[in-house]
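Scroll down for the structure; my scribbles are underneath it.
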Amino acid sequence: MSDHTAPDTTAYEEEVFEQKQVRLDKRAKLNDLGGLGGGAYPVEVPVTATIPAVRERWEHLTETPDSASGETVGIAGRVVFQRNTGKLCFASLQSGDGTRIQVMISLAGVGEDSLAQYKELVDLGDHLFVRGEVISSRRGELSVMVEEWRIAAKALAPLPNLHSELSEETRVRQRYLDLIVREQARVNVLTRAKTMASLRSTFAEQGFVEVETPMLQTMHGGASARPFVTHSNAFDTELYLRIAPELFLKRAAVGGLERVFEINRNFRNEGADSTHSPEFAMLEAYQAYTDYHGIADLTQTLIQNAALAANAGTEREGSHTVLWADGTLFDLGGEWDRISMYGTLSEAVGREITPSTSVEELQTLADEQGVEVRLPNHGKLVEELWEHFVKDGLTRPTFVMDFPVETSPLTRHHRSIPGVVEKWDLYVRGFELATGYSELVDPVVQRERFVEQAAQAAKGDDEAMRVDEEFLRALEHGMPPSGGMGMGMDRLLMALTGLGIRETILFPLVK
RNA sequence: GGGCCUGUAGCUCAGCUGGCAGAGCAUCGGACUUUUAAUCCGCGGGUCGCGGGUUCGAGCCCCGCCGGGCCCA
């Protein structure tokens, strides 16, 4: 064992604390706390009850001010308010869920020395343990009359101002502060957790198996996106962070996992803005012996159950109508419409648009309406026109079915309508929440598509896929006819809560 | 990629036409046994995002860079 010199923490601390008087003062208190049992960071404190439990059990005391329960509890929480007077001090302790309770430290209760030490050493933001009787104050506030107190964990950095909102940037960069001071931040975390649990529960009810497939891949595929590249020292090779789990989940399907799903992170090396994050949680699911209609049924059930879960314990218990952050009520219930892209576009423009409508005719239509299109081909034009004429009119969750072949080159062709693929996008209030397919399982056709993609890549398209021989070999062993679906988890949370993407992610990537 | 807004004390923000760097809360010292953002007295606290320029003088005007937000593509 090599001997190592102790790191020179003193110099570092001097530097850190030097400029910040607040921290300097608090550090001085650390030394004082060293003289007390346990110091500033005791390994444990003798808690006998949680703050919410104490509140629930003795809430009735608030109806009779200045009364005593006769029972003693030991509780701990963060000091979020302090009102110190000469011989009687008040503090509010907050537990992790935001529940608060008042504690009272009096000369009569703890004695002169302990009271003086309390006033000297305990600051806003510290974790404090107290033991004492549960009482109500003269004003009727549920309180613990302290007989003994201890620092549970000293805070060196000061708590932010509790009476004004944190700025957007501080919320994101120091989410722990956001969680301490803002109820909605705590609710958001719980809503996300409840949503995830609900999805897994719905999948379990329907006989799906959850798997985890590689995030580090020797070849990226399953979507059109630019990947992050990294390097493996052990293999001395480049590896890609996955842009989608699709090609591995389909291998699982070949192996006999007839109902399989994964909820995990994807990474796309592209722009980050208020609706796009470079890393994002994605759900993908594959179900054998169904098609894009069956997988749409599944998707609707998953989201409606998630809405129920988000409403559990609220006044909307049992309802599919969710409450958004801006106060809007949004109904996710009922049977969702399934509309045809060509059909609704034709209706909207008052003339028949089909997969065989010419590029010229579509371009004229686009020009007339001032719709700008960069890459004029039939599919691109149809999608742009559809978005322009139809999309914004959708108020309820809607599956938009049957897309042009050109814009979905990797997708299975429609069984009866030429020029169209068996694909849907699920739109919820203007954005694409999920996408589903009758999966392409023909290894010969799949190979052709890969070869076309590889040609695009050779021409410099760094979003195009390469020929994945290992995946093709799997497909050649036969994948059952299947429906597949992908859904962004952050977007699902946005649909359930009306929040921006940075609020749905606990720690969004920031520079 | 384009346009607009923004960065000042630990936190949230003012700062006029270019003229000594400000407030509330927090911190520090003092008083107070029923406070609810307690009150009262007193004291501190700044790389005005960074770099350049104009000017007698720049938080403010100009240029570049960095961070954040909104809209558009």
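Just so it is clear, the structure is predicted and the values come from calculations on it, not from any experiment. Chain letters run A, B, ... following the sequence lines, proteins first, then strands; residues in each count from 1.
E141(A) comes within contact range of at least one nucleobase, with a heavy-atom separation under 4.0 Å. Across all strands, S167(A) comes closer than 4.0 Å only to sugar-phosphate atoms, never to a base (heavy-atom distances). Residue N84(A) is classed as a base contact, given a heavy-atom separation below 4.0 Å to a base. Residue T170(A) is classed as a sugar-phosphate contact, given heavy-atom separations below 4.0 Å to backbone atoms only. Using a 4.0 Å heavy-atom cutoff across all strands shown, L177(A) reaches no nucleic acid atom at all.
Nucleotides rC65(B) and rG46(B) are separated by 31 Å at their P atoms, to the nearest Å. Between rC60(B) and rG49(B), the two C1' atoms lie 16 Å apart (nearest whole Å). Between the P atoms of rU47(B) and rA9(B), the separation comes to 8 Å (whole Å). Annotation: rA58(B) and rC16(B) have their P atoms spaced 16 Å apart (nearest Å). rG19(B) and rC66(B) have their C1' atoms separated by 30 Å, with the value rounded to a whole Å. rG30(B) and rG10(B) are spaced 24 Å apart, taking the P atom of each and rounding to whole Å. Only the P atoms considered, rA23(B) is 43 Å distant from rG1(B), to the nearest whole Å. For rG53(B) and rU27(B), the P atoms lie 43 Å apart once the distance is rounded to whole Å.
Checking each of I180(A), V181(A), I51(A) against Q94(A) for a side-chain contact (heavy atoms from CB on, under 4.5 Å) leaves exactly one that passes, namely I180(A).
Among the nucleotides rC11(B), rA38(B), rU33(B), the one closest to the side chain of N161(A) is rC11(B). When the nucleotides rG29(B), rU33(B), rA26(B) are ranked by their closest atom to the side chain of E120(A), rG29(B) comes out on top. Listed nucleotides: rA38(B), rU33(B), rG69(B). Nearest to the side chain of R83(A): rA38(B). In the set rU34(B), rU27(B), rU33(B), rU27(B) carries the atom at the smallest distance from any side-chain atom of L124(A). Closest to the side chain of S106(A), from the set rU36(B), rU33(B), rU12(B), is rU33(B). The Q82(A) side chain lies nearest to rU27(B) when the options are rU27(B), rG68(B), rU12(B). Comparing rU33(B), rU36(B), rC11(B) against the side chain of P160(A) picks out rC11(B) as the nearest. Considering only the side chain of L166(A), rU12(B) comes nearest among rG29(B), rG24(B), rU12(B).
Residues R171(A) and E168(A) have side chains in contact (heavy-atom distance under 4.5 Å, counting atoms from C-beta outward).
Distance check, rounded to the nearest 0.5 Å: CH2 of W58(A) to CD of E133(A) gives 9.5 Å. One distance of note links CG of L142(A) with CZ of R100(A); it measures 14.5 Å at 0.5 Å rounding. Taken to the nearest 0.5 Å, the CD atom of E361(A) stands 8.0 Å off from the CG atom of L365(A).
To the nearest angstrom, C1' of rA37(B) lies 6 Å from CZ of F81(A). Rounded to whole Å, atom P of rG24(B) lies 14 Å from atom NE2 of H163(A). Rounded to whole Å, atom P of rG69(B) lies 11 Å from atom CD of E503(A). Note: CG (L142(A)) to P (rU36(B)) measures 18 Å, nearest angstrom. Here the P atom of nucleotide rC25(B) and the CD1 atom of I180(A) are 22 Å apart, to the nearest Å. Across the protein-nucleic acid pair, Y118(A) atom OH and rU33(B) atom P stand 16 Å apart, rounded to whole Å. Taking atom CG of residue D178(A) and atom P of nucleotide rU12(B), one finds them 11 Å apart after rounding to whole Å. Put simply, CG on L121(A) is 14 Å from P on rU27(B), counting in whole angstrom units.
Each of T85(A) and S137(A) was assigned the nucleotide of RNA chain B with the nearest heavy atom; the assignment lying further toward the 5' end belongs to T85(A). Both R171(A) and A91(A) lie near RNA chain B, and the one whose nearest nucleotide falls closer to the 5' end is R171(A).
Figure legend. rG64(B) is base-paired to rC50(B); pairs are counted as Watson-Crick or G-U wobble with both atom distances under 3.5 Å. The pairing partner recorded for rG57(B) is none, the criterion being a Watson-Crick or G-U wobble arrangement whose two distances lie under 3.5 angstrom. rG1(B): Watson-Crick or G-U partner is rC72(B), with both key distances under 3.5 Å. When Watson-Crick and G-U wobble pairs are counted only if both distances are under 3.5 Å, rU27(B) pairs with no nucleotide at all. Base pairing of rA14(B): no nucleotide in any strand meets the Watson-Crick or G-U wobble criterion (both distances under 3.5 Å).
Ion pairing of R192(A) with D490(A) is present here, as a side-chain N (NZ or NE/NH1/NH2) and a carboxylate O approach within less than 4.0 Å.
Relative orientation of the F228(A) and F267(A) rings is perpendicular, given thresholds of 30° and 60° on the angle between their planes. Between W336(A) and F399(A), the angle of the ring planes lies from 30° to 60°, which puts this pair in the tilted group.
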